[in-house]
**Student:** 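Got a structure here, written out as structure tokens. Questions coming.
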Amino acid sequence: MNAESRQPTDFEMAVYDAVRLVPAGKVTTYGKIAERISRGTARSVGTALAKNPYAPEVPCHRVVRADGSLGGFYGETSGPEIERKEKMLVREQVPFIKQGKVDPVAFY
DNA sequence: GTTGTGACGGGTC
DNA sequence: CGACCCGCCACAA
């Protein structure tokens, strides 16, 4: 195994586990994940997902920011990956207020 | 133990 | 609306 890759910590495992519980057609926020696992905050959750070694096994694309913006995808805060993320959500019938913004009613 | 970084959140201007 | 600032927690060097 490469020295660059490391094993996920208990906190990160808890984050990935919580994200897996998010059903298709719904989204959740980084803060909600933090509250659900009762560990850390949106910051730490975002950092953990950024390293997400379980993608796409873990539907990290269903995790968005509290303001409805998509946040990031595959370590990219913007770019073609983000557009792909939005496409995936639309494909799962997730309601959008406008391009790049998810409807808060879809928050799980 | 200290410092810097990050896919955040809320508040202020 | 956007831009800016501060606080928050977890992690690596």
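In this text the structure is predicted, and so the values were computed from the model without any measurement. Naming convention: chains lettered A, B, ... in sequence-line order (proteins, then strands); numbering from 1 in each chain.
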**Student:** Take the protein atom CG of L49(A) and the nucleotide atom P of dG9(B), then report the distance between them rounded to whole Å.
**Tutor:** 11 Å

**Student:** Measure from the side chain of F73(A), starting at C-beta and using heavy atoms only, and say which of dC8(C), dA10(C), dA7(B) lies closest.
**Tutor:** dA7(B)

**Student:** Y54(A) ring centre to R20(A) NZ or CZ under 6.0 Å, with the angle to the axis within 45°?
**Tutor:** yes

**Student:** Within this structure, what is the CD1-to-C1' distance between I33(A) and dC8(C), rounded to whole angstrom?
**Tutor:**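 Going from I33(A) (CD1) to dC8(C) (C1'), I get 17 Å.
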
**Student:** Please tell me which of the listed nucleotides, dG9(B), dC11(C), dA7(B), lies nearest to the side chain of E12(A)?
**Tutor:** dC11(C)

**Student:** Provide, to the nearest angstrom, the distance between the NZ atom belonging to K51(A) and the C1' atom belonging to dA12(C).
**Tutor:**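 K51(A) atom NZ is separated from dA12(C) atom C1' by 7 Å.
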
**Student:** What does T47(A) touch in the nucleic acid at a heavy-atom separation under 4.0 angstrom: a base, only the sugar-phosphate, or nothing?
**Tutor:**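 The answer is base, as T47(A) lies within the cut-off (heavy atoms under 4.0 Å) of a base atom.
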
**Student:** Could you give me the CA-CA distance, side-chain angles and deciding distance for E86(A) and F96(A), then say whether side-chain contact (heavy atoms from CB on, under 4.5 Å) is met?
**Tutor:** CA-CA 9 Å; E86(A) 182 177 332; F96(A) 272 74; 3.5 Å; yes

**Student:** Checking all strands, does G40(A) fall into the base, sugar-phosphate, or nothing category for heavy-atom contacts under 4.0 angstrom?
**Tutor:**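 If one applies the 4.0 Å heavy-atom cut-off, G40(A) turns out to touch the sugar-phosphate alone, with no base involved.
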
**Student:** May I have the distance from K32(A) (atom NZ) to dC9(C) (atom P), rounded to whole angstrom?
**Tutor:**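 So the two atoms are 19 Å apart, to the nearest Å.
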
**Student:** Please report the distance, rounded to the nearest Å, between CG in D67(A) and C1' in dT12(B).
**Tutor:** 16 Å

**Student:** Does R39(A) place a side-chain N or O at less than 4.0 Å from the phosphate oxygens OP1/OP2 of dA10(C)?
**Tutor:** no

**Student:** Name the nucleic acid region contacted by F11(A), choosing base, sugar-phosphate or nothing; use a 4.0 angstrom heavy-atom cut-off, strictly under.
**Tutor:**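 Sugar-phosphate, backbone atoms only, no base.
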
**Student:** V15(A) vs L49(A), test: side-chain contact (heavy atoms from CB on, under 4.5 Å). Steps then yes/no.
**Tutor:** CA-CA 8 Å; V15(A) 173; L49(A) 277 183; 4.0 Å; yes

**Student:** In whole angstrom, give the distance that lies between atom OH of Y16(A) and atom C1' of dA7(B).
**Tutor:** 11 Å

**Student:** Would you mind telling me which of dG9(B), dA7(B), dC11(C) lies closest to the side-chain atoms of R65(A)?
**Tutor:** dG9(B)

**Student:** One thing to verify: whether R6(A) and E12(A) come together as a salt bridge, which I'm taking to mean a side-chain N less than 4.0 angstrom from a carboxylate O.
**Tutor:** yes

**Student:** Rounded to whole Å, how long is the line connecting atom OH of Y30(A) with atom C1' of dG6(B)?
**Tutor:**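 Result: 11 Å.
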
**Student:** Classify the angle between the aromatic ring planes of F73(A) and H61(A) as parallel (below 30°), tilted (30 to 60°) or perpendicular (above 60°).
**Tutor:**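 F73(A) and H61(A): perpendicular rings.
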
**Student:** So, OP1 or OP2 of dA12(C): does either fall under 4.0 Å of a side-chain N or O from R6(A)?
**Tutor:**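 Affirmative; the distance criterion is met.
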
**Student:** When the distance from CG of N52(A) to C1' of dC11(C) is rounded to whole Å, what number comes out?
**Tutor:**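 So the two atoms are 16 Å apart, to the nearest Å.
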
